[in-house]
Amino acid sequence: MLITLRRCRMAATKDYTIGHLYIDGKYCCDTIEDRDRGLTQDMPLDTIKRIKVKRQTAIPRGRYRVRIDIQSPKFSAKAYYYSFCKGYLPRLMDVPGFDGILMHKGVNQNSSAGCIILGYNTVVGAVTSSQAAFEKVYKILKTATDKIYIEII
């Protein structure tokens, strides 16, 4: 299964980045992330660490494995996530210079801390119906019969 996250240059600001999320080529929802600082997966790690602003930087563009079989200690302690998925959120693996990158619900880039927030970009600077978008994406990913990857472009 391939998730494609297309970041929108026209909807990027100094504070946040809007994107469109596709699963196997079909539009699924929108995203909001922290500011895209032009990082790519192929940059040297020391360059990424020099440019990155902790909790205010979108992850590097590139291709990453996504796993949904690792329980998040933080999110499994939250009632909604425990009842819906026992805290097993989609987790991006081996993101250079970042750790614990998840896809989850939220409102704006302040909900992110580097993660990908799912929802619908119906208002400026935020996403709406985030829980519905998260549940939609999660249910699709649970049907995967092979490895899941995300490509961020």
Side-chain angles (χ1 to χ4, degrees), residues 1-24 26-41 48 51-93 95-144 148-153:
M1 183 173 285
L2 178 62
I3 304 165
T4 304
L5 172 52
R6 295 180 191 265
R7 291 180 178 155
C8 305
R9 290 183 189 262
M10 299 299 290
T13 74
K14 65 177 184 64
D15 297 318
Y16 63 86
T17 306
I18 298 295
H20 303 297
L21 191 103
Y22 301 83
I23 299 179
D24 289 334
K26 294 180 183 176
Y27 171 80
C28 196
C29 65
D30 298 321
T31 63
I32 190 164
E33 301 174 84
D34 290 315
R35 178 179 171 182
D36 182 350
R37 298 180 190 275
L39 301 177
T40 65
Q41 183 179 33
I48 291 172
I51 296 171
K52 176 185 175 183
V53 176
K54 188 174 183 173
R55 303 177 67 87
Q56 297 178 26
T57 303
I59 63 171
R61 290 184 299 269
R63 184 181 172 100
Y64 306 101
R65 171 101 189 272
V66 177
R67 293 182 56 183
I68 56 172
D69 62 344
I70 301 171
Q71 189 178 47
S72 165
K74 175 182 175 181
F75 285 92
S76 63
K78 296 179 184 271
Y80 163 74
Y81 289 105
Y82 189 79
S83 68
F84 179 72
C85 60
K86 304 289 188 256
Y88 290 91
L89 282 72
R91 177 180 297 265
L92 282 67
M93 305 304 297
V95 179
F98 293 74
D99 188 40
I101 302 301
L102 304 170
M103 297 168 68
H104 59 86
K105 67 186 186 89
V107 177
N108 56 34
Q109 80 279 2
N110 296 326
S111 308
S112 173
C115 293
I116 299 169
I117 305 301
L118 305 172
Y120 299 93
N121 184 227
T122 60
V123 296
V124 174
V127 292
T128 59
S129 301
S130 188
Q131 182 172 315
F134 171 76
E135 291 178 7
K136 178 181 179 180
V137 169
Y138 189 85
K139 288 174 183 176
I140 293 169
L141 298 183
K142 286 293 285 183
T143 68
I148 304 168
Y149 291 92
I150 186 168
E151 188 169 34
I152 301 170
I153 53 177

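Nothing fancy with the numbering, it's 1 onward along the sequence.
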_Just checking Tyr82: does its OH atom have more than 12 heavy atoms from other residues, nucleotides or ligands closer to it than 6.0 angstrom?_
no
Keeping the roles fixed (side chain from [X], backbone from [Y]), state whether a donor-acceptor pair exists under 3.5 Å.
X: Asp24; Y: Leu2; value: yes
X: Asp34; Y: Asp36; value: no
X: Ser130; Y: Leu118; value: yes
X: Ser129; Y: Ala132; value: no
X: Gln41; Y: Arg63; value: yes
X: Lys86; Y: Ser76; value: no
X: Thr128; Y: Tyr120; value: yes
X: Arg37; Y: Gln56; value: yes
X: Asn108; Y: Ala126; value: no

- prompt: Taking the six-membered ring of Tyr138, is the NZ or CZ of Lys105 close enough (under 6.0 Å from the centre) and on axis enough (within 45°)?
  reply: no
Can you list the steps and then say if Ile3 with Ile148 is a side-chain contact (heavy atoms from CB on, under 4.5 Å)? CA-CA 7 Å; Ile3 304 165; Ile148 304 168; 3.8 Å; yes
Please give me the minimum heavy-atom distance between [X] and [Y], naming the atom from each residue.
X: Tyr80; Y: Glu135; answer: OH-OE2, 2.8 Å
X: Gln109; Y: Glu33; answer: CB-O, 3.7 Å
X: Thr57; Y: Phe98; answer: O-CE2, 3.5 Å
X: Val66; Y: Pro90; answer: CG1-CB, 4.0 Å
X: Pro60; Y: Pro96; answer: CG-O, 3.9 Å
X: Thr143; Y: Ile140; answer: OG1-O, 2.6 Å

Give, for atom [atom1] of [X] and atom [atom2] of [Y], the distance between the pair rounded to the nearest 0.5 Å.
X: Arg91; Y: Gln71; atom1: CZ; atom2: CD; value: 10.0 Å
X: Leu89; Y: Leu141; atom1: CG; atom2: CG; value: 10.5 Å
X: Ser111; Y: Ile116; atom1: OG; atom2: CD1; value: 14.0 Å
X: Tyr149; Y: Arg65; atom1: OH; atom2: CZ; value: 5.5 Å
X: Leu21; Y: Cys28; atom1: CG; atom2: SG; value: 6.0 Å

[Y] side chain reached by [X] side chain, heavy atoms, under 4.5 Å:
X: Ile32; Y: Thr17; value: no
X: Met103; Y: Cys115; value: no
X: Met93; Y: Tyr64; value: no
X: Thr31; Y: Ile18; value: no
X: Tyr16; Y: Val124; value: yes
X: Ile23; Y: Met1; value: yes

Are Phe134 and Phe84 close enough, and set up right, to give a ring-ring contact (aromatic ring centres under 6.0 Å, His included), and what steps lead you there? CA-CA 10 Å; Phe134 171 76; Phe84 179 72; 5.8 Å; yes
List the steps and the verdict of side-chain contact (heavy atoms from CB on, under 4.5 Å) for Ile59 and Leu39. CA-CA 7 Å; Ile59 63 171; Leu39 301 177; over 6 Å; no
Checking Ile152 against Arg61 for the side-chain contact (heavy atoms from CB on, under 4.5 Å) test, could you report, in this order, the C-alpha distance in whole Å, the side-chain angles of both residues, the deciding distance, and whether it holds? CA-CA 5 Å; Ile152 301 170; Arg61 290 184 299 269; 4.1 Å; yes
- Stepwise side-chain contact (heavy atoms from CB on, under 4.5 Å) check, Leu92 with Ile150: CA-CA 8 Å; Leu92 282 67; Ile150 186 168; 3.7 Å; yes
Note to self: Classify the ring geometry of Tyr22 against His20: parallel below 30°, tilted from 30° to 60°, perpendicular beyond 60°.
What the structure shows: perpendicular
